[in-house]
Amino acid sequence: MPLHSPLWIFGYGSLLWKQSHPSTETRLCFVKDYARRLWQGSPDHRGTPQRPGRVATLIASPGDRCWGIAQCIPSEDIDATLHALDIREQAGYERLSFPLYDSDGKTGAEGISYAAAESNPHYLGPDSTETVASYVLTCQGPSGSNVEYVLNLAAALRKMGVEDPHVESIADAIEKADSGGMHD
Ligand code: BEZ
């Protein structure tokens, strides 16, 4: 039996530009009291176990809003979608349910998402913008470079009209280093 019908998936990271499942509708929404932070290590997508990349997770942050998208999954695709996402998000992420809010601040639906708790073995935690950027510049994994991940995330957020100073500052530092020829 499907878990929920219909099911909404909340995307705040790679799902903003890379969708792997069918959906009937996509809406801009936010999750309350959470912030998007590039504090999770990626040993399997944007890095390796020896050199994990930096990818987004949701960090509890009272008063903050993490903007993203809600994708409505057709009933017949729910089981396969959740199974595929459980595999894609297996390195430290947990499947969780969040109340979703629209731009008027109204809620009415729960969304499933994946967040990596601070207790997971791949969690890297906060660091200065320069330190995070310097790791991102050198990490690469089976899904591509960590630079591509951060720049795609920043571009997707800009396109949605979402201001995210944390992601933007790291994307800026990467672009400056790239144009200054600091890495090859
Ligand atoms: C995300 O990175 O946005 C994401 C990926 C899979 C499921 C939910 C969210």
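Note that ligands are numbered from 1 as they come in the structure, with each ligand's atoms numbered from 1 the same way. Throughout, residue positions are numbered sequentially from 1 according to the sequence presented.
- Side-chain contact between Asp77 and His21: absent, with no pair of heavy atoms (C-beta onward) separated by less than 4.5 Å.
- Side-chain atoms of Tyr12 come within 3.5 Å of backbone atoms of Tyr114 as a donor-acceptor pair (strictly under, hydrogens ignored).
- Close approach to Leu85 involves these atoms of ligand 1, each under 4.0 Å from a residue heavy atom: 6 (C), 7 (C).
- Atoms of ligand 1 found under 4.0 Å from any heavy atom of Tyr12, numbered from 1 in the order shown, are 1 (C), 3 (O).
- If you number the atoms of ligand 1 from 1 as listed, the ones under 4.0 Å from a heavy atom of Gly11 come out as 3 (O), 9 (C).
- A cation-pi arrangement is present between Arg65 and Phe30, with the terminal nitrogen or guanidinium carbon under 6.0 Å from the aromatic centre and inside a 45° cone about the axis.
- For the pair Ile112 and ligand 1, the shortest N or O to N or O distance does not fall below 3.5 Å.
- Of all atoms in ligand 1, listed by their number and element, those nearer than 4.0 Å to a heavy atom of Ser113 are 8 (C), 9 (C).
- Contacts between Leu15 and ligand 1 below 4.0 angstrom, taking non-hydrogen atoms only, involve backbone and side chain alike.
- Nearest protein heavy-atom contact of atom 2 (O) of ligand 1 is Ser14 N, 3.0 Å.
- Looking at heavy atoms from C-beta onward, Tyr101 lies out of side-chain contact with Trp67 at the 4.5 angstrom threshold.
- Note that CG of Asp44 is 12.0 Å distant from CD1 of Ile87, once rounded to the nearest 0.5 Å.
- Closest to atom 3 (O) of ligand 1, if we only count protein heavy atoms, is Gly13 N, 2.6 Å.
- Side-chain contact between Lys32 and Phe98 is absent, with no heavy atoms from C-beta onward closer than 4.5 Å.
- Using a 4.0 angstrom heavy-atom cutoff, Phe10 counts as in contact with ligand 1.
- Residue Tyr114 has no nitrogen or oxygen atom sitting less than 3.5 Å from a nitrogen or oxygen atom of ligand 1, judged on distance alone.
- Side chains of Arg36 and Val162 form a contact here, defined as non-hydrogen atoms less than 4.5 Å apart.
- Of the residues listed (Arg46, Glu148, His45), the one engaging Ser143 in a side-chain hydrogen bond (donor to acceptor under 3.5 Å, both in side chains) is His45, and it is the only one.
- Distances below 4.0 Å separate heavy atoms of Glu89 from the following atoms of ligand 1: 5 (C), 6 (C).
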